[in-house]
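Scroll down for the structure; my scribbles are underneath it.
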Amino acid sequence: MSRYSANEIEAKWQKAWDEAGVFTAERSDDKPKYYVLEMFPYPSGRIHMGHVRNYTMGDVIARYKLSTGHNVLHPMGFDAFGMPAENAAMKSGGHPKDWTYGNIDEMVSQMKPMGWSLDWNRMFATCDVEYYGQQQALFLDMLEAGLVYRKNAVVNWDPVDMTVLANEQVENGRGWRSGALVERRELTQWFFKISDYSDELLSALDTLDNWPAKVKTMQANWIGKSRGLQFAFSTVDAPDGFDRIEVYTTRPDTLMGASFMGISPDHPLAKQLEQTNPEIAAFCADCRRMGTTEEELEKAEKKGFDTGLTVRHPFDTSWELPIYIANFILMDYGTGAIFGCPAHDQRDFEFATKYGLPIAPVFVSADVEADGADEYFKQKEEALVPMKSEKVRYIRGFCGAELQTGEEAVDAAVTFCEEQGVGQGVTKFRLRDWGLSRQRYWGCPIPVVNCEACGVVPEKKENLPVKLPDDVTFDVPGNPLDRHPTWRNCDCPSCGAPARRETDTMDTFVDSSWYFARFTAPRAGTPTDATEAEYWMNVDQYIGGIEHAILHLLYSRFFARAMNITGHLPEKSKEPFNALFTQGMVTHAIYKTEDADGRPVYHYPEEVETKDGKVVLKDTGAEVEVVPSAKMSKSKNNVVDPLAIIDTYGADTARWFMLSDSPPERDVEWTASGAEATYKHLSRVWRIATDAVADETAANDQDKALLREMHKAIHDVTAGVESFGFNASIAKLYGFTNTLAKSKAGGDAKREATKILAQLMSPITPHLAEEIWALLGGAGLIAQADWPQADESMLVEDEVTLPIQINGKRRGEITVPKDLAKEEVEKLALAHEAVVRALDGNAPKKLIVVPGRIVNVVV
RNA sequence: GCCUGAGUGGCGGAAUGGUAGACGCAGGGGAUUCAAAAUCCCCCGAUGGCAACAUCGUGUGGGUUCGAGUCCCACCUUAGGCACCA
């Protein structure tokens, strides 16, 4: 008997699948289709355990669907544009293209040994000219459909490197490379009109039944629908054109508590004022040096600048409020101007306290009398911000009842203001338009041309693709496209005069917003092919990390709609992902000690050992602190390399272990002992199979019991696979393997059971399954064999064991024929020793018999 | 503060309202072996008891039920998200 040799087996069967073209997706009318997709990776150059888990989950589904008679589409590609390639080029020379394609080759060579059932014929990278050329065509169609436009927007600008910085490249307000103070600078940029779809993207979430509720909630919050009042304050002595300033508020009921007006440093009025007032200019410049993320704005100290101008309160024109420019107000939200009500907003409260502005309460708690209201409020040292659904007592209300909820008061205030001609109720969304311009080289060029005479002109479709030039260097600051004369200079597609290309490229989220559609026809001369898209779309099961819950998935949903409008996807694909599954992370313990200065030192798993129940360093014997279940991270030295695992145990072990220990949606901890145990188990299955081949035991009375267990295993494992309960399927496989190993059944029954075991294991450990299948003379490839069906009649036992409870506590059990009459069960139960003892001659108060389940005696 | 989840042995985790802890890891004992590796068998929530067995036990406190890990109410802890403000 030979030993289980994973490396030999795995290479052999991968070759066999490849030669038979088992995983080539083919369209045919005689079979239903199934499209399973895992989020494609960034080509970092190395696969990690997260990939192994993610792609193995998809693979189990794909292989299962293949064996249940589906045409399966299970493709793979690379999300290949983006900054890391440029960073690498800047750091160590070379070209982003070479770096990227080198990494892709490297990763493919690491992925293939995992034995995933991928249709590699469909592979592409988003940096392939064929792909981004079609993306440019899509962009032009969207431009024509009015889904793209240009406007000014603020970016992080590094004045030394003369470049735009991503948020993560700004550290403490300084450029990560130059160390220069980062400015916020306005550039003209391209935007997708995703905000036009805010309401639809929100309401359609309700139709996504097979999406995690969590993701839907996150998207709903992100879209952020709100109902409020938009109205204008009239100004006093303001510059021309600023007679009125529009504000938006979700709390119009607090209008009588207004104490100041705040405008964004980017508000037109602020910009007007800073031209003549150096102090205001300095303040605004200071604000613009802050980062552009909301988080940074929130964390920053709240600062304001009194413009000296005032506005009149809409209900009392003699009441004037000062106008402040404030650093926490974003031009992109609402109208870029607010009124502050310090009594009922914590941020306004702090602002008013800082600048000595009045704090007038509008309402108090419902349990406070109106007379004592002002007194009550004076004792408070923070804003009173109850839930909108809570009833409060209005003391400066102007409509509705004195006692009402915030929601009721807001509605009443909107109605009242509309009647008075002071503004109108509007619905606003937090979701902003999607800025897609990136001032970078390694991305999809935006296919437009700037002509002096014609303005911004779309490139002609026949001139696509607009290819990235290869002859660029990164030794000089700035975007190489900007200083590439022969690429940048071109002829206007409209008038033919000399013109300049757009040198901005697209956000990489654009690339990943339609790749799933491209997989249905990856080599088509148009973005998609109608027949293929009609057949393969939608993605039946999408699998990926929760970190993409908002942006990627929301953008993809928008793109699917845009592609429908522009004729690239059918109506049914407006929601492109029928089911979504978000898998947990792969974690690993961290081994930590401290150096002489108290700084943490992280040790590789190989450097530690367990001695006398303590984890110590092999070298010095020093005790090590074990931090369990931390995300794998290079800096913490707790990364497990899939290649090393394949080398030691084989891909089947890695695949099985990644699914065995935790439910798929939760994090799983990689442990060396767990991997070892998996390998031992697979070796055991291998031994059982090789033993079964030559087993000459005659058929006997144990056969039926074994086959019964076999059918139960079919039933349970299948149920697990269909419900994403891979860990449950694996538990059943362990159980069935134990039964099989101990069975005294005849050789034929054992061989049959072993073949079924191999089939049930085949989605998880496909190589070992093929080997056993071949060993036992299975026809063809197990990958192409029909999934076994459980015989329902074999799932029912002839006898059942019923627990006997006394007052709800288990006190014994009886074994009875399955169909025994209830009365007979009662009789047997009452005769049970423990029951007799408990009753002590008395009659039971109550006797509950749940057929086939339980007996409960109440005494 | 709000919205989602989660909380069960030493650990990962099972349990359509019906025998809590399946299955795996770790641990203990035994068989085999000159010895070891590998393999096989048995035990393994806590407390008491030689044992049979008894009592307790699913974050906390209540409740519904013949019966609650599961359903309801309140709370605690924890992870993720939002930072409702525009």
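All of these numbers come straight from a predicted model, not from anything done at the bench. Naming convention: chains lettered A, B, ... in sequence-line order (proteins, then strands); numbering from 1 in each chain.
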Side-chain N or O of A:Arg811 closer than 4.0 Å to phosphate OP1/OP2 of B:U55: yes

Touch class at under 4.0 angstrom, heavy-atom based, for A:Lys742 against every strand present: sugar-phosphate

A:Asn727 side chain near B:A14 phosphate (N/O to OP1/OP2, under 4.0 Å): yes

Within-4.5 Å side-chain heavy-atom neighbours: A:Phe726 and A:Pro663: no

A:Lys846: partners by side-chain contact (heavy atoms from CB on, under 4.5 Å), with sequence neighbours left out: A:Ile848, A:Val858

A:Arg810 side chain near B:A20 phosphate (N/O to OP1/OP2, under 4.0 Å): no

Proximal nucleotide (of B:C66, B:C23, B:U19) relative to the A:Thr801 side chain: B:U19

For B:G28, glycosidic torsion class - syn if within 90° of 0, otherwise anti: anti

A:Arg666 side chain near B:G13 phosphate (N/O to OP1/OP2, under 4.0 Å): yes

Presence of donor-acceptor pair under 3.5 Å, side chain of A:Asn221 and base of B:C82: no

Bracket notation of RNA chain B in which parentheses pair within the strand, [ ] cross earlier pairs, and | pairs with another strand (Watson-Crick or G-U, under 3.5 Å): (((((((..(((.....[....))).(((((.......))))).((((....))))..(((((..]....))))))))))))....

No-H, no-angle donor-acceptor pair, A:Arg853 side chain to B:U16 base, under 3.5 Å: yes

Below 4.0 Å: OP1/OP2 of B:U4 and any side-chain N or O of A:Lys214: no

